[in-house]
Student: 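Following this message is one structure expressed as structure tokens.
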Protein chains: 2
Amino acid sequence: MAVHKKEEFTQKEQDLANFAKAMAHPARISILKVLAQRNACICGEIVELLPLAQSTVSQHLKELKNAGLITGTIDGPRSCYCINWKAFQKFNSEFNFLFDNLKIKNEKACC
Amino acid sequence: MAVHKKEEFTQKEQDLANFAKAMAHPARISILKVLAQRNACICGEIVELLPLAQSTVSQHLKELKNAGLITGTIDGPRSCYCINWKAFQKFNSEFNFLFDNLKIKNEKACC
DNA sequence: ATGCTTTATCGTATATTTGCGATATAAGAT
DNA sequence: ATCTTATATCGCAAATATACGATAAAGCAT
């Protein structure tokens, strides 16, 4: 719609939503999986593993990088990406904080 | 683009992405928080707590329901929503499975 | 039956995302 | 200097998401 109300929520809510948004596409989940499995950093190999064009993969990588979930360094003519575990852990714990604590109390909800 | 490639990824990847997508908006994070905090189910109270129109909140609730994160039952003229902890736990553990295991091995990445 | 309250749905406008091909950029190799 | 390879960016088309007002539906009270 013309107007954006996202700013009207708390920073934590926005951060968590942005984190979720970065993971809200199977291609990006897949990329994260590949990066996690191979300890070493990869780049164009991802393109071969995914059913997407090179430019599209590059775009997904950019989004993951912007969201802070991965880091990317230029290494000669190729780029090297790695999972940013620190950011990942931070968001994961925030996620758990939000819901795991409450879960214990409310296990038996009404509906 | 006209084409959708999401189907070309594994079911688990798609499920996880859909789960993330449902959380990928601060309004929906906020709704989940409200539902979690109050053990009882709520409905129109959410509208008063959020800076959004009733129809918009209803739409967000529908998305959360479609994603299976909440349940909704009709209770007279009003609707009652609750967090679906079971689905929530399932996704959360799948999420942790995907990344927590790998995290231990790869703590010291290359970049 | 009529009106009131609550929630869902429809229609619509705009913004964002997804995807690709084409092109630019940048570094190494010849 | 030129060619090759790898990656990023641009421009575009189509699909989705966000948001609202208006309206419908469904149950309760009078």
Side-chain angles (χ1 to χ4, degrees), chain A residues 1-9 13-14 17-31 34-35 40-67 70-82 111, chain B residues 1-9 13-14 17-31 34-35 40-67 70-82 111:
Chain A
M1 220 227 98
V3 190
H4 267 126
K5 298 264 181 139
K6 290 186 180 174
E7 319 78 41
E8 306 201 18
F9 295 90
E13 282 164 354
Q14 290 183 57
N18 283 334
F19 173 74
K21 195 166 139 194
M23 310 242 318
H25 196 286
R28 292 196 288 272
I29 297 275
S30 189
I31 288 171
V34 172
L35 288 178
C41 304
I42 330 173
C43 45
E45 295 169 63
I46 299 167
V47 176
E48 291 186 30
L49 293 171
L50 300 201
L52 296 170
Q54 179 267 322
S55 58
T56 308
V57 172
S58 192
Q59 214 173 311
H60 282 303
L61 284 165
K62 193 182 173 187
E63 277 173 78
L64 287 168
K65 197 177 169 186
N66 285 344
I70 65 175
T71 58
T73 53
I74 299 155
D75 174 27
R78 65 206 74 203
S79 292
C80 169
Y81 288 102
C82 280
C111 61
Chain B
M1 45 121 189
V3 189
H4 268 126
K5 297 267 181 137
K6 290 186 181 174
E7 320 76 42
E8 305 201 16
F9 294 90
E13 283 164 352
Q14 291 184 55
N18 283 334
F19 173 73
K21 195 166 139 194
M23 310 241 321
H25 195 286
R28 293 196 287 273
I29 297 276
S30 189
I31 288 171
V34 172
L35 287 178
C41 306
I42 330 173
C43 45
E45 296 168 62
I46 299 167
V47 175
E48 292 185 29
L49 292 170
L50 300 202
L52 296 171
Q54 179 268 321
S55 57
T56 308
V57 171
S58 192
Q59 214 173 309
H60 282 304
L61 284 166
K62 192 181 174 188
E63 277 174 77
L64 287 169
K65 197 177 169 186
N66 284 345
I70 64 175
T71 58
T73 54
I74 299 154
D75 174 25
R78 65 205 75 203
S79 293
C80 168
Y81 288 102
C82 282
C111 61

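Within every chain, numbering begins at 1; the chains are lettered A, B, ... in the order of the sequence lines, protein sequences first and strands thereafter.
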Student: In whole Å, I'd like the distance from the CD atom of A/Glu48 to the C1' atom of D/dA6.
Tutor: 12 Å
Student: Measure the CD-CG distance between A/Glu45 and A/Leu35 for me, rounded to the nearest 0.5 Å.
Tutor: 10.0 Å
Student: Is the distance from OP1 or OP2 of D/dA6 to the nearest side-chain N or O of A/Ser79 less than 4.0 Å?
Tutor: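 Checking D/dA6 against A/Ser79, no side-chain N or O comes under 4.0 Å of OP1 or OP2.
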Student: Can you give each donor-acceptor pair under 3.5 Å made by side-chain atoms of residues 19-26 of chain B, sequence neighbours left out, with the distance rounded to 0.1 Å?
Tutor:
residue, atom, partner, partner atom, Å
B/His25, ND1, B/Ala27, N, 3.0

Student: Is B/His4 near enough to D/dT16 that one of its side-chain N or O atoms lies under 4.0 angstrom from OP1 or OP2?
Tutor: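 For D/dT16, OP1 or OP2 has a side-chain N or O of B/His4 closer than 4.0 Å.
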Student: Does B/His25 make a side-chain N or O approach to OP1 or OP2 of D/dA19 shorter than 4.0 Å?
Tutor: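 Answer yes for this pair, as a side-chain N or O of B/His25 is under 4.0 Å from OP1 or OP2.
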Student: For the side chain of B/Cys43, counting heavy atoms from C-beta on, which of C/dT7, D/dT18, D/dA19 is nearest?
Tutor: C/dT7
Student: Using a cut-off of strictly less than 4.0 Å between a heavy atom of the residue and any atom of DNA chain C, enumerate the qualifying residues of residues 56-67 of chain B by number.
Tutor: B/Ser58, B/Lys62
Student: Could you grab the distance from atom NZ of B/Lys5 to atom CG of A/Leu50, nearest 0.5 Å is fine?
Tutor: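 Nearest 0.5 Å value for the NZ-CG distance: 10.5 Å.
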Student: Which distance, rounded to the nearest 0.5 Å, do you find between the CD of A/Gln59 and the CZ of A/Arg28?
Tutor: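 One finds 9.5 Å between CD of A/Gln59 and CZ of A/Arg28.
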Student: Atom CG of A/Leu61 and atom OH of A/Tyr81: how far apart are they, to the nearest 0.5 Å?
Tutor: 5.0 Å
Student: Check this one for me: any side-chain N or O of B/Lys21 less than 4.0 Å away from OP1 or OP2 of D/dT16?
Tutor: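 Negative; the distance criterion is not met.
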Student: Can you confirm whether B/Glu7 is buried at CD, in the sense that more than 12 heavy atoms of other residues, nucleotides or ligands lie under 6.0 Å from that atom?
Tutor: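 Counting other residues, nucleotides and ligands, CD of B/Glu7 exceeds 12 neighbours.
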Student: Calculate the interatomic distance between B/Asn18 atom CG and C/dT17 atom P; express it in whole Å.
Tutor: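 From B/Asn18 CG to C/dT17 P: 17 Å.
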Student: Rounded to the Å, how far apart are A/Leu52 CG and C/dT18 P?
Tutor: 11 Å
Student: At less than 4.0 Å, is any side-chain N or O atom of B/Arg78 found next to OP1 or OP2 of D/dA26? Yes or no.
Tutor: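 No, no such contact exists.
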Student: Look at B/Lys5 and C/dC20 and indicate whether a side-chain polar atom (N or O) is within less than 4.0 Å of OP1 or OP2.
Tutor: yes
Student: What does nucleotides 22-30 of chain C look like as a protein-contact string, B for base, S for sugar-phosphate only, - for none, at under 4.0 angstrom between heavy atoms?
Tutor: B----SS--
Student: Looking at D/dT7, C/dG19, C/dA8, which one has an atom nearest to any side-chain atom of B/Tyr81?
Tutor: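 It is C/dA8.
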Student: Taking atom CD1 of A/Ile31 and atom CD1 of A/Ile46, what is their separation to the nearest 0.5 Å?
Tutor: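 Rounded to the nearest 0.5 Å, the CD1-CD1 separation comes out at 5.5 Å.
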Student: Starting from C1' on C/dC20, measure out to NZ on B/Lys6 and report it in whole angstrom.
Tutor: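 Taking NZ of B/Lys6 and C1' of C/dC20, I get 16 Å after rounding.
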Student: Supply the atom-to-atom distance A/His60 NE2 to A/Ile29 CD1, rounded to the nearest 0.5 angstrom.
Tutor: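 Interatomic distance, A/His60 NE2 to A/Ile29 CD1, rounded to 0.5 Å: 11.5 Å.
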Student: Calculate the interatomic distance between A/Leu50 atom CG and C/dT18 atom P; express it in whole Å.
Tutor: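 Distance, rounded to whole Å: 14 Å.
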Student: Whole angstrom is fine here: how far is it from CD in A/Glu7 over to C1' in D/dT18?
Tutor: 12 Å
